[in-house]
Number of protein chains: 2
Amino acid sequence: MDILVGLAAVIVALDGDRPLVRLARSDGTLPPALPFGPLDPVRHRTLDSGLRAWVEEQTGLTLGYVEQLYTFGDKGRDPRERQGGPRVLSIAYLALTRAAEAADRDWHDWYDFFPWEDRRAGRHALLDQVILPGLAQWAAAGGAEGERRRQRIELAFGTGDAAWDGEKVLERYELLYEAALVAEAAPQAALAGRAMRLDHRRILATAIGRLRAKIRYRPVVFELMSEHFTLLQLQRAVEALGGERLHKQNFRRLVEQTGLVEGTGRRESQTGGRPAEQFRFRRDVLLERPAPGVAPRPRRG
Amino acid sequence: MDILVGLAAVIVALDGDRPLVRLARSDGTLPPALPFGPLDPVRHRTLDSGLRAWVEEQTGLTLGYVEQLYTFGDKGRDPRERQGGPRVLSIAYLALTRAAEAADRDWHDWYDFFPWEDRRAGRHALLDQVILPGLAQWAAAGGAEGERRRQRIELAFGTGDAAWDGEKVLERYELLYEAALVAEAAPQAALAGRAMRLDHRRILATAIGRLRAKIRYRPVVFELMSEHFTLLQLQRAVEALGGERLHKQNFRRLVEQTGLVEGTGRRESQTGGRPAEQFRFRRDVLLERPAPGVAPRPRRG
DNA sequence: TCCATTATGCTCATATTTAGCATTATATAT
DNA sequence: ATATATAATGCTAAATATGAGCATAATGGA
């Protein structure tokens with residue numbers, strides 16, 4: 001049995017307050033998929049450069065920030081394996097880029113695939129209407145496993161003592177998968193969010209979780225911002241990625257005290273209110289000291 | 001050109017205050033290597049289970065905590081490629097286990113490979129005697145790249161404004177590699193730490209960095225502790241992994257306020273002073289709420 | 001001119017972290 | 001026995017960080 005090694009890319013961009021992910025071009029008959037391509041051991045000297053190369057070929061995008069996410073290799077990921085196809089390994093990458101116009105049909109709001117992950121306007125209605133009841137039913141049907149299932153649900157969805165943790169995107173998706181509430185697991189049900197091909201929604205979930213964790217510790221949001229931005233635009237970006245609203249004055253204080261941005265003196269007057277100062281990322285900080293993130297970090301208690 | 005996919009394991013255990021890593025059995029003629037084995041697409045249904053299976057076969061160890069680290073795939077990782085061998089990908093895992101007796105020759109103190117990473121007795125002498133002078137020379141020889149190199153050194157080794165960051169193990173190793181201060185890059189020099197085969201020291205560096213980050217956010221140290229332990233033993237464990245000394249009273253408070261441990265009422269009298277209470281890990285917390293780590297977290301400023 | 005809207009400055013209360021002092025309980029040396 | 005070294009444990013003052021919200025400033029449009 002052969003092994004086929006591929007590279008998959010979760011390419012993220014922002015359009016204002018919409019987090020976008022780049023999809024592979026498709027004829028529309030199959031569910032959407034992430035851009036992916038085989039690893040060419042001759043041409044690709046490193047995995048990173050291989051990824052950059054075929055992403056540029058396929059999409060015309062030049063990637064800036066690129067980070068290896070995870071290697072997916074479970075048997076049965078690709079249904080063609082069952083017809084004697086090779087075992088398919090995918091080395092998944094997270095990439096951030098500025099070059100996105102939401103108008104482009106290849107870019108897609110990632111919350112279409114994970115509506116419950118967007119809590120900026122409060123908990124999503126789907127949670128109470130479909131997801132939690134469905135999960136509760138699955139737990140109840142679990143026999144001896146039931147209690148364990150209930151605990152996993154509480155932890156992942158923050159229903160018990162625990163609070164909602166934005167980083168647990170994958171844990172939540174996996175519960176929905178096991179409970180057959182997503183179309184990838186049960187095509188007839190198709191209850192929660194839009195499906196993707198193969199295990200690509202799992203890969204996207206991994207990427208969102210990782211990115212949400214990352215913005216807390218490293219100044220990666222700026223890879224997604226244009227050169228100049230107001231603090232509210234920056235806040236909207238962080239909120240878009242994190243899926244949660246932030247306190248405006250505290251966000252401002254947080255960002256200012258990190259020293260990651262500097263005012264440009266320019267003003268933005270399309271704010272709908274008092275004009276805001278435009279800021280820019282101080283690229284130098286990356287050379288001066290380990291630079292932190294601009295999203296609030298979880299508390300310990 | 002073919003691709004060969006292997007699994008590599010960084011298996012960590014603790015012997016009191018010595019962090020140990022499991023090495024592959026060897027005839028002694030080659031530099032030490034990590035345990036590794038090919039991925040068998042027929043027998044191994046998942047990458048994790050494949051790893052567990054051959055680690056158990058090869059070493060007799062049953063792994064508890066296992067986490068995928070990184071997939072290494074640069075051309076030239078394995079020198080046999082140059083003689084027409086296949087491109088070798090290694091999916092590296094971090095595994096934690098209790099089962100270690102330091103007496104066993106297959107276990108090795110990881111600081112033998114990274115002496116400069118152990119700062120429990122202060123900065124290592126090697127830093128001032130060999131490493132920093134060597135790096136400074138490399139930067140000076142860098143021409144236009146020189147300034148950039150100096151900044152990377154400052155950031156990685158905390159020589160400028162920045163403080164030493166225990167997590168940057170890989171960054172430091174890579175600088176030493178580029179500056180040809182490690183035997184993997186310049187066999188005749190062999191200045192800093194003991195060498196390993198192929199890029200295994202890079203893999204180990206990745207693992208140490210990841211583990212140091214992880215203990216701050218998740219209660220993984222307990223995977224390395226025996227059932228009962230005193231708070232000082234726990235502190236020594238965290239210090240061993242982190243390579244830095246901690247404030248005793250504050251560590252105690254930190255651990256107690258997380259609710260991760262509970263006293264057993266038993267005492268340990270081999271302390272050399274007043275007997276200490278023995279604690280145990282409250283496994284339940286993992287089911288109750290997202291459990292934090294027991295190492296201090298970096299500050300933002 | 002008034003109002004809605006956003007920007008920005010500032011304060012207060014509460015947590016968390018750092019650094020240490022002080023006291024308690026053992027084992028060992030004198 | 002008594003002193004001494006060593007470690008465990010309790011506690012606190014000061015510095016920082018975080019959460020929540022009040023107040024004022026500057027716009028455009030009704």
Nearest-neighbour nucleotide for the [X] side chain, [options] considered:
X	options	result
B:Arg252	C:dG9, D:dG19, D:dG10	D:dG10
A:Thr230	D:dT9, C:dA15, C:dA7	C:dA7
B:Ala276	C:dT17, D:dT9, C:dA7	D:dT9

Could you write nucleotides 24-30 of chain D as a row of B, S and -, 5' to 3', where a protein heavy atom under 4.0 Å of any base atom gives B, of only sugar-phosphate atoms gives S, and otherwise -? -BBB---
Is there a donor-acceptor pair closer than 3.5 Å between any side-chain N or O of A:Arg216 and the backbone N or O of A:Pro296?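 A pair under 3.5 Å: yes.
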Where each residue is assigned the nucleotide of DNA chain C containing its nearest heavy atom, which of A:Gln233 and B:Leu254 is assigned the position nearer the 5′ end?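 Nearest nucleotide further toward 5': that of A:Gln233.
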salt_bridge(A:Glu117, A:Arg212) N-O dist < 4.0 Å: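 A:Arg212 and A:Glu117: salt-bridged.
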Does A:Arg18 pair with A:Asp109 as a salt bridge, N-O distance under 4.0 Å?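 So A:Arg18 pairs with A:Asp109 through a salt bridge.
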Between [atom2] on [N] and [atom1] on [X], what's the gap in Å once rounded to a whole number?
X	N	atom1	atom2	answer
B:Phe251	D:dT9	CZ	C1'	15 Å
B:Arg245	D:dA7	CZ	P	11 Å
A:Leu234	C:dA7	CG	C1'	15 Å
A:Glu256	D:dA17	CD	P	15 Å
A:Arg216	D:dT18	CZ	P	12 Å
A:Arg236	C:dT5	CZ	P	13 Å
A:Glu268	C:dA7	CD	P	9 Å
B:Arg297	C:dA15	CZ	P	16 Å

Is A:Arg119 positioned over the aromatic face of A:Trp164, cation under 6.0 angstrom from the ring centre and no more than 45 degrees off axis?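 Because its charged atom sits under 6.0 Å from the ring centre and within 45° of the axis, A:Arg119 does stack over A:Trp164.
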For A:Glu147, what residues pass the side-chain hydrogen bond (donor to acceptor under 3.5 Å, both in side chains) criterion, not counting sequence neighbours?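 By the side-chain hydrogen bond (donor to acceptor under 3.5 Å, both in side chains) rule, A:Glu147 matches A:Arg150.
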Using a cut-off of 4.0 Å on non-hydrogen atoms, how would the nucleic acid contact of B:Leu232 be classed: base, sugar-phosphate, or nothing?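 If one applies the 4.0 Å heavy-atom cut-off, B:Leu232 turns out to touch the sugar-phosphate alone, with no base involved.
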Suppose the criterion is ring-ring contact (aromatic ring centres under 6.0 Å, His included): which pairs have a residue in residues 240-283 of chain B, not counting sequence neighbours?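 Pairs touching residues 240-283 of chain B that pass the test: B:Phe222-B:Phe281.
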Partners meeting ring pair (Phe, Tyr, Trp, His ring centres under 6.0 Å) with A:His124 (sequence neighbours left out):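 A:His124: no ring pair (Phe, Tyr, Trp, His ring centres under 6.0 Å) contacts found.
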Can you find a heavy atom in the side chain of B:Tyr65 that is under 4.5 Å from one in the side chain of B:Arg218?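 B:Tyr65 does not reach B:Arg218 side chain to side chain.
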Drop me the distance from B:Leu246's CG to B:Glu239's CD, to the nearest 0.5 angstrom.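 These two atoms lie 4.5 Å from each other.
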For A:Arg123, check salt bridge (Lys or Arg N to Asp or Glu O under 4.0 Å) against everything at least two apart and list the hits.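 Applying salt bridge (Lys or Arg N to Asp or Glu O under 4.0 Å) to A:Arg123 gives A:Asp128.
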Short heteroatom pairs, N/O only, protein and nucleotides 20-23 of chain D, under 3.5 Å:
unit_1	atom_1	unit_2	atom_2	d
D:dA20	N7	A:His247	NE2	3.4
D:dA20	N7	A:Asn250	OD1	3.3
D:dA20	N7	A:Asn250	ND2	3.0
D:dA20	N6	A:Asn250	OD1	3.3
D:dG21	N7	A:His247	NE2	2.7
D:dC22	N4	A:Gln249	NE2	2.4

When you check the phosphate oxygens OP1 and OP2 of D:dT9, does a side-chain N or O of B:Lys248 lie under 4.0 Å from one of them?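 For D:dT9, neither OP1 nor OP2 has a side-chain N or O of B:Lys248 closer than 4.0 Å.
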Any A:Gln257 side-chain nitrogen or oxygen under 4.0 Å from OP1 or OP2 of D:dT18: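 For A:Gln257, the contact criterion (side-chain N or O under 4.0 Å from OP1 or OP2 of D:dT18) is met.
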